[in-house]
Every structure is written in structure tokens, then in C-alpha cells.
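Worth knowing before you read on, the calculation uses all heavy atoms, side chains too, and leaves out hydrogens, waters and symmetry mates. For the single chain, residues carry numbers from 1 onward in sequence order.
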Amino acid sequence: QVQLVESGGGSVQAGGSLRLSCQASQASSDTHTTYCMGWFRQAPGKEREGVAAIDSDGSTSYADSVKGRFTISQDNAKNTLYLQMNSLKPEDTATYYCAAGQGAGYCYPFPGWDRYLEVWGQGTLVTVSS
């Protein structure tokens, strides 16, 4: 089974940027013709929410709260998923998780989206101070 390891979290002031990385132990395309990968976040005391998604065709989608500020991308040669986060706000403070799943039929942030993704990383903490 694919294993995912996130990195790149840290502390930053509001308005700053961070780039998160998610290293996969193997390419999703090695095991699935179609797949979905995404980023989620969970702030203390809040439910986990989907942030950004990318499917095997390279199509991307974002939660309204991050649209225009965050960019999801993947480097298939490096088996790595990225989340570029710009114009960070204190409300972006959370633990960020990457996840992967087979199929691309439900590959966009929506309530309950996490149920469609089978493999999860351990998370990386992002703290944005005002």
C-alpha cells in the first residue's frame, strides 16, 4: 500500500507563504489507472475539511476558503504532491494532511470527501500568527 509523508509545515506570519510536500512511497498510477489526491486540514476543536484536490488527469479544485491563495500540484517523476500556500491567514492554522484514493469520480473538496480516500499521511502543523 502507498505510504504518504508530509513535510513543510511551520510557523509563519499572516501574509506569508509556505509550501507543503507529500512524498508517496510509490506512484498512485502504479496501482490505479485513475486516482485522486488531496490536502485536508484540521484545526483544534474543528472537523477535518478538504482544502484542495487533484486527479489523475491533473484537474484541480479548491475549497472556497483557499481559492486564489492555495495551489495544489504534483510532480509525478518525484511521486510528490505539493500545496503552495500564499497570503496565509491566522484561520489557516491547522494540521494539514495529504490523502490518496483510487478513482477520480469524487475528487473535489466537499463534506464527507475524506471517506473516499484510503491512504493518509501523518500530518504537518501550520501555524499562522497575526
Side-chain angles (χ1 to χ4, degrees):
Q1 187 180 28
V2 174
Q3 293 182 324
L4 305 175
V5 178
E6 302 96 335
S7 61
S11 297
V12 64
Q13 288 191 325
S17 298
L18 282 174
R19 188 177 79 158
L20 306 183
S21 299
C22 174
Q23 178 71 55
S25 57
Q26 66 181 91
S28 295
S29 58
D30 286 350
T31 53
H32 304 298
T33 304
T34 60
Y35 61 85
C36 175
M37 296 194 73
W39 289 96
F40 291 75
R41 67 185 181 186
Q42 187 166 22
K46 295 188 176 181
E47 293 188 355
R48 185 166 56 189
E49 64 170 342
V51 172
I54 187 166
D55 67 21
S56 41
D57 290 333
S59 297
T60 60
S61 57
Y62 300 90
D64 288 343
S65 58
V66 306
K67 202 171 293 183
R69 300 188 297 123
F70 290 11
T71 302
I72 188 171
S73 62
Q74 57 187 352
D75 185 333
N76 292 329
K78 296 182 179 179
N79 296 341
T80 303
L81 179 72
Y82 300 102
L83 185 68
Q84 178 66 44
M85 306 186 295
N86 298 329
S87 303
L88 282 162
K89 305 175 181 180
E91 51 263 44
D92 294 318
T93 295
T95 298
Y96 284 71
Y97 301 87
C98 66
Q102 57 182 314
Y106 294 95
C107 197
Y108 60 95
F110 67 93
W113 175 39
D114 53 351
R115 296 196 295 268
Y116 294 87
L117 301 171
E118 301 96 19
V119 183
W120 291 80
Q122 83 291 348
T124 186
L125 179 63
V126 172
T127 303
V128 184
S129 59
S130 58

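Summarising the local packing, CD of Q3 is surrounded by 12 or fewer heavy atoms from other residues, nucleotides or ligands at distances under 6.0 Å. Other residues, nucleotides and ligands contribute at most 12 non-hydrogen atoms within 6.0 Å of the NZ atom of K78.
Follow the hydrophobic side-chain contacts under 4.5 Å out from I72 and you never reach Y108; the two are in separate clusters. Under the 4.5 Å side-chain contact rule for hydrophobic residues, V12 and L83 share a cluster.
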Open item on the list: Evaluate W39 against C22 for side-chain contact (heavy atoms from CB on, under 4.5 Å), listing each step before the verdict.
Closed with: CA-CA 9 Å; W39 289 96; C22 174; 3.7 Å; yes
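When atom types are taken as modelled, the side chain of Y82 and the backbone of T71 share no donor-acceptor pair closer than 3.5 angstrom. Distance alone, capped at 3.5 Å, places no donor-acceptor pair between the W113 side chain and the E49 backbone. Of the possible donor and acceptor atoms, one in the side chain of E6 sits under 3.5 Å from a partner among the backbone N and O of C98.
Checking each of D55, L4, L117 against M37 for a side-chain contact (heavy atoms from CB on, under 4.5 Å) leaves exactly one that passes, namely L4.
In this structure, OG on S56 lies 11.5 Å from CD on Q102, to the nearest 0.5 angstrom. Note that CG of L20 and CZ of F70 are 8.0 Å apart. Values are rounded to the nearest 0.5 Å. For the atom pair CD of Q74 and CG of L81, the computed distance is 6.5 Å after rounding to the nearest 0.5 Å.
Between S17 and N86 the shortest heavy-atom distance is OG-OD1, 2.9 Å. Of all heavy-atom pairs between G50 and A63, the closest is O-CB, 3.5 Å. Of all the heavy atoms in L18 and G8, the pair that sits closest is CD2-O, 3.9 Å. Closest of all the heavy-atom pairs between V2 and A24 is CG1-CB, 4.0 Å.
The aromatic ring centroids of W120 and F40 lie less than 6.0 Å from each other.
For S129 and Q13, the side-chain atoms include no donor-acceptor pair closer than 3.5 Å.
Between C107 and S61 the shortest side-chain heavy-atom distance does not fall below 4.5 Å.
Counting only residues at least two apart or in different chains, side chain to side chain donor-acceptor pair (under 3.5 Å) contacts with residues 87-99 comprise R41-D92, R41-Y96, R69-D92.
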